[in-house]
Amino acid sequence: MKAIPDKPTLDGVEARFVEQWEADHTYAFDRTAARADVFSIDTPPPTASGSLHVGHVFSYTHTDTIARFQRMSGKAVFYPMGWDDNGLPTERRVQNYYGITCDPSLPFDPTFEPPAEPSKHAIPVSRPNFVALCERLTQEDEVAYEQLVRQLGISIDWNYQYTTIGANARRVSQRMFLNNLSRGEAYSQEAPTLWDVDFRTAVAQAELEDRDRPGAFHDIAFHAPDGTDVLIATTRPELLASCVAVMIHPEDPRAATLTTLRTPIYGVEVPVIKDELVDREKGTGVVMCCTFGDLTDVTWWRTHNLPTRAIIGRDGLIIREPHDTIAATETAAAAYAEIAGRNVKQAQTRVVEQLRESGELVGEPKPIQHPVKFFEKGDRPLEIVTSRQWYIRNGGRDADLRAALIERGNALAWHPDHMRHRYVNWVGGLNGDWLISRQRYFGVPLPLWYRLDGEGQPDYSAPIVPYSDSLPMDPSSDVPDGFTADQRGKPGGFMGDPDVMDTWATSSLTPQIAGRWGTDDDLFARLFPMHMRPQSHEIIRTWLFATVVRAHFEHDSLPFMNASISGWILDPDRKKMSKSKGNAVTPIDLLQQYGTDAVRYWAASARPGVDTAFDEAQMKVGRKLAVKLLNASKFVLSFGVTHATVDIANVTDPVDRSMLAGLAALIDECTPAFAGFDYARPLERTEAFFWDWCDNYLELVKSRAYGSRGPEAATSAQAGLGIALSVIQRLLAPFMPFATDEVWSWWQPGSVHSQAWPTVSELSAATADADPLVLDMAAEILGHIRRGKTEAKRSMKWAVDSAEVHDTAPRLAAFQQAIHDVSDAGLVATWTCTEISPDQEKIVVHVLAESSNPT
RNA sequence: GGGCGCAUAGCUCAGUUGGUUAGAGCGCUGCCCUUACAAGGCAGAUGUCGUGGGUUCGAAUCCCUCUGCGCCCACCA
């Protein structure tokens, strides 16, 4: 406790309390707490590349208010912090930041230092050098992030911090993968895969997005054996050399007679195949199947067991060496040579010219806008290439598993509830298993080696797995049992799996990573399943679903019991605020300008799950509330109210007891809302109560608290003020941790954040037969007195000789119990109360005369 | 094409299982330096609750239709 300042201020509270909370371990998790007393939070680890933005402030505040409520409600709150530093965003940031690029063929250079300024042309560095720089930069970012999260007053226990590239995360991720492998839930397969030609990696279904791109239908002539032509419409004429069949709907009249066609330019004979997937209304109703133009091609290639004639390489260029079918004829090979080595766009231009020259392009290309699949982080359309990849089953190819995972989603409590539809919708629409391998560098390595046969060819059917006590491991430097290092890459030796796991394959294990599964199973048992998973809705299909999949396999349970889904921040044009759009606001400036509590107020005002406009006006309102709390607290304490003297037994005046009854109703509304993950309602109701309390109750009783009605009446007022102040400060603590701890420190021991959440029962001694109407009537009539003075253009301290009130009997009776305070607050000398029947107009107050004022 | 959400004061939004005269804040207008607070306080004005229909004694609230906006998924020849 310390003295009440003469001039209360919010200046400096953030720095002061951040330090004090740390020193006092205010938010330390009690790991000895029984499972029943724990509330565990599966904190979203933000991507540690760049800077935190106002969206983080928004959603982290939401979770923090819940955490603080649960802590005050007596739970041991497990609130860890993680940083998602592995994966592509980091790689990309490191490339730009240092001006480097990773070339795995280079040897490690222990002396390499990136230039101070990134050079225009990226410097190639080895994989170990690259990873080291990734780690260096993410560590710098994480320090800056931690500072902001602390300044935001997020009540993290910083002893439970993790990164998704750290040793523990790698260990958990690899161990879980090996468990999946041993149970048959993970498998590798050589198959056509969506491929990003810039990042040169496979991508998963969950990371796709459609973008509308201009294209054009080209009508091109295929040749039938009888000399007639069949027109085929395509947007990708450059893939003509990879055509393996022509597809036609079974009910198309042409299907009866057509059996084979020859492709234009190359003259390759391809079969005509009937398939119901063909849309007779689209294009010419006949379509070529290439390996591979889109996912429908892959379907046809599978169902009809078609050959593979790939022409696009992993670098996105047309493969230089033509496949056998093209190479078989000189003219075909010659035509192909003109596109070999070119990119897709150049190849298309050339192929269209060739078709024009040969007269096989019919009419002009018809421009269209059409959706094209992109990697969500990529800039060029995805191609489909065949490669060996690792998958984890997710129900995309197994109806029973899919049903079980949908059932998991339905068993989860969603806040708000309608968010469950996104989950069910997504899982129901899966069309393949989860592709987890990535041909990248900064990630958790797949913990596998492969035996090489006498030819040096790997045996993928029986990977060599490490011992679980040797995790985390890196197969590119670690050597499997029974081999020596010099056998790496040699016939009869071994090779490490070159790939890393997708970042979601690790972040899907945040409950296990944060809970130290496998290394501290006692802790894990107290935490898991987590009580709360906070996250935004656009990653339900990725982070949330993936976490459910992993827990389903490993623990046969949900990973968390409640999913609390936050909305987005919208800019004034109602567009999502995001770093990439360049419309995001820097949170640091806001925190400095309005104060943390004010920014938190804005965030907590938004209903759970609702997209919310960025609104600085709300922050001003929040700041006003924080300042009001300081002033009102100082005023109440100026009556000599102290921690020691506040006693519910002293509350005898009906006005005070009426006020506490209203306060009890407030608690009764806030507590269940908070317990149901709704922070916005408690804030709204508490704020409304508090302003009303200041405007009316405080004004009504201050004269009595000064002693105008004798010592006992003063004691009652002071006790009422003190008790209410304590409750209000605690109710606001989750939202305004700095201002509330400041005012708490003026008169109470310890931090407000370590106090018990207010209960109705702590007030019941004074509220048992209290009537809320007493204070309502007092406030209403005081309002009329004020209005009378305002309309008479008089000051509020203008005295009134007499006032008359017309109202019904019960309301007058309630007013009688407060008449002393209304008289004092309104400076009214005498009252005339007239009873009316309920059907007459109620509350008529006449302010009659004002003779006793100085002139 | 399928799914989800939203539509209430000039603006941002509350409105819980249907129930008196639909609320708050911002903004606006007026008054007041009142014993916490003038970067404040007090008071005031402001609504065909998106459209059309239905259920009901009674609908912002429940049901149906339509319109507009946003998001997710599918389609990608």
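Reminder, nothing fancy here: chain letters follow the sequence lines and each chain counts from 1.
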J.: I want to verify a distance call: between B:A43, B:A36, B:A77, whose nearest atom is closest to the A:Arg786 side chain?
T.: B:A43
J.: What's the closest nucleotide to the side chain of A:Trp691 if the choices are B:G41, B:C37, B:A77?
T.: B:G41
J.: Please state whether the phosphate of B:A36, meaning OP1 or OP2, lies under 4.0 angstrom from any side-chain nitrogen or oxygen of A:Lys702.
T.: yes
J.: Find the distance A:Asp417:CG to B:U16:P and express it as a whole number of Å.
T.: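 Atom CG in A:Asp417 sits about 17 Å away from atom P in B:U16.
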J.: When you measure from the side chain of A:Asn425, which nucleotide among B:G41, B:G3, B:U12 comes out closest?
T.: B:G3
J.: Could you check whether the rings of A:Phe674 and A:Phe735 sit parallel, tilted or perpendicular, using 30° and 60° as the cut-offs?
T.: parallel
J.: Return the orientation label for the A:Phe292 and A:Trp301 ring planes: parallel under 30°, perpendicular over 60°, tilted otherwise.
T.: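 If you compare the ring of A:Phe292 with that of A:Trp301, the planes turn out perpendicular.
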J.: Return the orientation label for the A:His537 and A:Trp568 ring planes: parallel under 30°, perpendicular over 60°, tilted otherwise.
T.: tilted
J.: How is A:Cys694 classified with respect to the nucleic acid when contacts are heavy atoms under 4.0 Å: base, sugar-phosphate, or nothing?
T.: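 Here A:Cys694 touches the bases of the nucleic acid.
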J.: Just checking A:Glu281: does its CD atom have more than 12 heavy atoms from other residues, nucleotides or ligands closer to it than 6.0 angstrom?
T.: no
J.: Counting only side-chain heavy atoms from C-beta out, which of B:C72, B:G15, B:C75 sits nearest to A:Asp210?
T.: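 Minimum distance to the A:Asp210 side chain belongs to B:C75.
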J.: Rounded to whole angstrom, note down the P distance from B:A39 over to B:A24.
T.: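 Going atom to atom, P in each nucleotide, I get 26 Å.
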J.: What is the base-pairing partner of B:U34, counting Watson-Crick and G-U wobble geometry with both distances under 3.5 Å?
T.: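 Result: none.
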J.: Looking only at non-hydrogen atoms, find the nearest pair between A:Arg211 and A:Glu376 and report the distance.
T.: NH2-O, 3.5 Å
J.: OP1, OP2 of B:A77 versus side-chain N and O of A:His370: anything below 4.0 Å?
T.: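 For B:A77, OP1 or OP2 has a side-chain N or O of A:His370 closer than 4.0 Å.
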J.: Please work out if A:Val278 contacts a base, only the sugar-phosphate, or nothing of the nucleic acid, heavy-atom cut-off 4.0 Å.
T.: base
J.: Is the A:Trp414 to A:Tyr423 ring centre distance short of 6.0 Å?
T.: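 Yes: the rings meet the under 6.0 Å criterion.
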J.: Scan A:Lys620 against the nucleic acid and name what it touches under 4.0 Å (heavy atoms): base, sugar-phosphate only, or nothing.
T.: nothing
J.: Any strand counts, and the cut-off is 3.5 Å on both contacts for Watson-Crick or G-U wobble. Which nucleotide pairs with B:A9?
T.: none
J.: Of the nucleotides B:A43, B:U35, B:C37, which has the atom closest to the A:Arg787 side chain?
T.: B:A43
J.: Figure out the CG/C1' separation between A:Asp279 and B:C75, and round it to whole Å.
T.: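 Distance, rounded to whole Å: 9 Å.
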J.: Under 30°, 30 to 60°, or over 60°: which ring-plane class applies to A:Trp693 and A:Tyr697, parallel, tilted or perpendicular?
T.: parallel
J.: What integer number of Å spans the C1' atoms of B:G54 and B:U61?
T.: 15 Å
J.: For A:Arg236, which contact category applies under a 4.0 Å heavy-atom criterion: base, sugar-phosphate, or nothing?
T.: nothing
J.: Can you tell me if A:Gln729 and A:Trp747 form a side-chain donor-acceptor pair at under 3.5 Å?
T.: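 Distance-only check passes for A:Gln729 and A:Trp747.
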J.: Describe the nucleic acid contact of A:Gln205 in one word from base, sugar-phosphate, nothing, applying a heavy-atom distance below 4.0 Å.
T.: sugar-phosphate
J.: For B:A36, take OP1 and OP2 only and decide whether either is under 4.0 Å from a side-chain N or O of A:Tyr706.
T.: yes
J.: Can you tell me the Watson-Crick or wobble partner of B:A45, both distances under 3.5 angstrom?
T.: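 Because no pair has both required distances under 3.5 Å, B:A45 counts as unpaired.
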J.: Which nucleotide sits closest to the side chain of A:Lys282: B:A77, B:A74, B:G15?
T.: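 Of the candidates, B:A77 comes closest.
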J.: Taking 4.0 Å as the cut-off, does a side-chain nitrogen or oxygen of A:Thr234 come that near to OP1 or OP2 on B:A77?
T.: no
J.: Reckon A:Ile540 touches a base, only the sugar-phosphate, or nothing at all at heavy-atom distances under 4.0 Å?
T.: nothing
J.: What is the distance, to the nearest angstrom, from the CG atom on A:Asp611 to the C1' atom on B:C71?
T.: 8 Å
J.: Remember a base hit wins even if backbone is also touched, and classify A:Met796 as base, sugar-phosphate or nothing at under 4.0 Å, heavy atoms.
T.: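 Since a base atom lies under 4.0 Å of A:Met796, the category is base.
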J.: What is the nucleic acid contact for A:Arg685, judged by heavy atoms within less than 4.0 Å: base, sugar-phosphate only, or nothing?
T.: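 Since a base atom lies under 4.0 Å of A:Arg685, the category is base.
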J.: Just compare B:G41, B:U12, B:C73 and give me whichever is closest to any side-chain atom of A:Lys628.
T.: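 Given the options B:G41, B:U12, B:C73, the side chain of A:Lys628 is closest to B:G41.
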J.: For nucleotides 24-29 of chain B, tabulate all protein N/O to nucleotide N/O atom pairs closer than 3.5 Å, reporting atom names and distance.
T.:
residue : atom : partner  : partner atom : Å
B:C26   : OP1  : A:Lys624 : NZ           : 2.9

J.: So which nucleotide from B:U12, B:C4, B:A77 ends up closest to the side chain of A:His418?
T.: B:C4
J.: Main chain of A:Gly826, side chain of A:Lys789: is a donor-acceptor contact present, judged purely on distance under 3.5 Å?
T.: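 Between the backbone of A:Gly826 and the side chain of A:Lys789 there is a qualifying donor-acceptor contact (under 3.5 Å).
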J.: How is A:Ala688 classified with respect to the nucleic acid when contacts are heavy atoms under 4.0 Å: base, sugar-phosphate, or nothing?
T.: nothing
J.: Should B:A59 form a Watson-Crick or G-U wobble pair with both distances under 3.5 Å, which nucleotide is its partner?
T.: none
J.: Tell me: CG of A:Leu698 to C1' of B:C42, nearest whole Å?
T.: 15 Å
J.: Is the number of heavy atoms from other residues, nucleotides or ligands within 6.0 Å of NZ (A:Lys345) greater than 12?
T.: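 Counting neighbours around NZ of A:Lys345, 12 or fewer heavy atoms of other residues, nucleotides or ligands fall under 6.0 Å, so no.
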J.: Between B:C42, B:A36, B:C71, which one does the side chain of A:His537 approach most closely?
T.: B:C71
J.: How long is the line joining NZ of A:Lys7 and P of B:G40, in whole Å?
T.: 12 Å
